[in-house]
Amino acid sequence: MIIEVKVPQLPESVAEATLLSWKKKAGEAVARDENLIDIETDKVVLEIPAPQAGVLVSIVKNEGDSVGSNDLIATIDTEAQAAAPAQAVSQPSAAIVEQQQRIEAAAASAGVPASAMGFGSAIMPAAKKLAADNGVDASKVEGTGRGGRVLKEDVQNALSKPAAAPAAAPVVASLGERAEQRVPMSRLRQRVAERLIESQRTNAILTTFNEINMKPLMDLRNKYKDRFEKEHGVKLGFMGFFVKAAVHALKKYPIVNASVDGNDIVYHGYFDIGVAVGSPRGLVVPVIRNADQLSLADIEKTIADFGKRAQEGKLGIEELTGGTYTISNGGTFGSMMSTPIINPPQSAILGMHATKERAVVENGEIVVRPMMYLAQSYDHRIIDGREAVLSLVAIKEAIEDPARLLLDL
């Protein structure tokens, strides 16, 4: 029986996705729930598993193609046997002919051209794409597949052969290697670019700065970090304190936690804090839901889990959407100062930076303290300078005197 492999239903906020690399080739056996291909949205990379065990008899969509919800991308024959290793034969066997007929019938019912199924054409889809990408006339490539079909490997072999130089070609002196490489943006990178441009175009962004003496927090962390890790099974970092401090400030100044919707201001009665983390695909911002209801240990566990799954590409779309306020820590990369860009539709973002020892004045004396610059960018359409500055001061005071978080001062 021929069954169809389709793109799963994508969230409303995701219009389309891009097919990455096929894990299987046409003609290979697949197991139920085995990953067939990864698809990339503007937020995450998803896996498309095989709905049933069988043989992948056709690949309808190629790597790099854009697809939408429920698009047909492949078919599986649950009754077929995996093909034997390819051998050059003059005529396909009766079994192959029978399989071809079943596939072509399935293609016709799905409205897919037979050539897209990898049959009815002397050139396999992967070979055709590779040839087109490299300007090779695939019809002139000698095929080694069944019935003389041109395989991807045939095109690769053709590309590896040096082209014959014209008899009277002029000799050109080398000017030194100035290599360039052109690669397409990932869908995530495209979406990030769009959102950053949109943010700067639609928001009246202004940034206010302050500095924090990190010594009280560092002393507190050094005193309890071992007991904290033993008790809660997670390391005690600084980000958890900043999330707590941000929630503390947002409760005092709700407008900083609000957003703009048309001509309305939407005040959020909850605190969903986005925390920017790095991943192999770029910067992503998973959201800590209801951060005001979580303990410091719960926040640290959530952040550690986000960081781990971001590296593995296993964050879900629902974890990367929403959020009422964002914290970005450029200090982990050594940044001393920056003006972070608001993550729409949010109205403010906090930028943390590297902690460096500097000479400061305390009680009339010059002392050395570990200092950090903080930057808060905000949408001046709804947040006035007073609320922006005072909310940043509230974060500063909470970090410099962590007891304020316990006493809600």
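The first residue of the sequence shown is numbered 1, and numbering continues consecutively from there.
A donor-acceptor distance shorter than 3.5 angstrom exists from the side chain of D272 to the backbone of N290, with no hydrogens or angles considered. No donor-acceptor pair closer than 3.5 Å links the side chain of D305 to the backbone N or O of K301. Judged purely by atom type and a 3.5 angstrom limit, E300 uses its side chain to pair as donor or acceptor with the backbone of G240. A donor-acceptor pair under 3.5 Å is absent between the side-chain atoms of E28 and the main chain of L56, judged by distance alone. Of the possible polar contacts, none joining the E229 side chain to the K235 backbone as a donor-acceptor pair under 3.5 Å is found. Put simply, the side chain of Q376 gets close to the backbone of A388: a donor and an acceptor are under 3.5 Å apart.
Every residue two or more places apart in sequence or in another chain was checked for a salt bridge (Lys or Arg N to Asp or Glu O under 4.0 Å) with K251, and none qualifies. F242 is linked by a ring pair (Phe, Tyr, Trp, His ring centres under 6.0 Å) to nothing, counting only residues two or more places apart in sequence or in another chain. Among residues two or more places apart in sequence or in another chain, the side chain to side chain donor-acceptor pair (under 3.5 Å) test is passed with T208 by none. Evaluation of the ring pair (Phe, Tyr, Trp, His ring centres under 6.0 Å) rule for F209 yields no partner, not counting sequence neighbours. Shown here are the ring pair (Phe, Tyr, Trp, His ring centres under 6.0 Å) partners of F238, two or more places apart in sequence or in another chain: there are none. Partners of S295 according to the side chain to side chain donor-acceptor pair (under 3.5 Å) rule, which considers only residues two or more places apart in sequence or in another chain, are D298. Remark: Y267 engages P254, I255, A258, I265 in a side-chain contact (heavy atoms from CB on, under 4.5 Å) (not counting sequence neighbours). The side-chain contact (heavy atoms from CB on, under 4.5 Å) test applied to N203 returns S199, I205, I342, P344, D379, R381, not counting sequence neighbours. Here S66 pairs with R187 under the side chain to side chain donor-acceptor pair (under 3.5 Å) rule; sequence neighbours left out. For E400, the side chain to side chain donor-acceptor pair (under 3.5 Å) partners two or more places apart in sequence, or in a different chain, are K396.
Rounded to the nearest 0.5 angstrom, L296 CG and L405 CG are separated by 9.0 Å. E79 contributes atom CD, which lies 7.0 Å from atom CE of M1 (distance to the nearest 0.5 angstrom). Residue R201 holds its CZ atom at 10.0 Å from CD of E194, rounded to the nearest 0.5 Å. To the nearest 0.5 Å, atoms OG1 (T324) and CG (N343) are separated by 11.0 Å. For the atom pair CG of L250 and CD1 of I395, the computed distance is 6.5 Å after rounding to the nearest 0.5 Å. Separation of atoms CD1 (I399) and CE (M372) is listed at 8.0 Å; rounding is to 0.5 Å.
Under a cutoff of 6.0 Å and an axis angle of 45°, R358 and Y373 form a cation-pi pair.
Closest non-hydrogen pair, V57 versus A26, comes out as O-CB, 4.3 Å. Counting all heavy atoms, side chain and backbone alike, N70 lies closest to K6 at O-CD, 3.5 Å. The two residues I366 and A359 make their nearest non-hydrogen contact at CG2-CB, 3.9 Å. The minimum heavy-atom distance between I383 and S347, with the atom names listed, is CD1-O, 3.6 Å. Across all non-hydrogen atoms, the minimal contact from E397 to R404 is O-CD, 3.4 Å. When all heavy atoms of P345 and S259 are compared, the closest pair comes out as O-CB, 3.1 Å.
Of the candidates V5, N62, I59, I39, I73 forms a side chain to side chain contact (heavy atoms under 4.5 Å, CB included) with just one, namely V5.
Between V287 and R289, some side-chain heavy-atom pair lies under the 4.5 Å cut-off. Side-chain contact between S391 and K252: absent, with no pair of heavy atoms (C-beta onward) separated by less than 4.5 Å. Between L206 and S377, every side-chain heavy-atom pair lies at or beyond the 4.5 Å cut-off. Looking at E63 and L20, their side chains never come closer than 4.5 Å, going by heavy atoms from C-beta outward.
With respect to K215 and D219, a salt bridge is recorded, a charged nitrogen being found less than 4.0 Å from a carboxylate O.
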For this session: Applying side-chain contact (heavy atoms from CB on, under 4.5 Å), run through V256 and Y325 and close with a yes or a no.
Result: CA-CA 8 Å; V256 184; Y325 187 83; 3.9 Å; yes
For this session: Apply side-chain contact (heavy atoms from CB on, under 4.5 Å) to the pair N257 and V247, showing each step before the final yes or no.
Result: CA-CA 9 Å; N257 196 47; V247 170; over 6 Å; no
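Identified under the salt bridge (charged side-chain N to carboxylate O under 4.0 Å, His left out) test for residues 365-374, with sequence neighbours left out: E362-R369.
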Under 3.5 Å, side-chain donor or acceptor atoms of residues 31-38 against the rest of the protein: list the pairs with distances, not counting sequence neighbours.
unit_1 : atom_1 : unit_2 : atom_2 : d
R32    : NH1    : P51    : O      : 3.1
R32    : NH1    : Q52    : OE1    : 3.2
E34    : OE1    : A31    : N      : 2.9
E34    : OE2    : K24    : NZ     : 3.3
N35    : OD1    : I37    : N      : 3.3
N35    : OD1    : I48    : N      : 3.4
N35    : ND2    : D38    : OD1    : 3.0
D38    : OD2    : K23    : NZ     : 3.3

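Using cut-offs of 30° and 60° for the angle between ring planes, the Y270 and H268 rings count as tilted.
In the model, E231 has no side-chain atom that pairs as donor or acceptor with a side-chain atom of Y224 under 3.5 Å.
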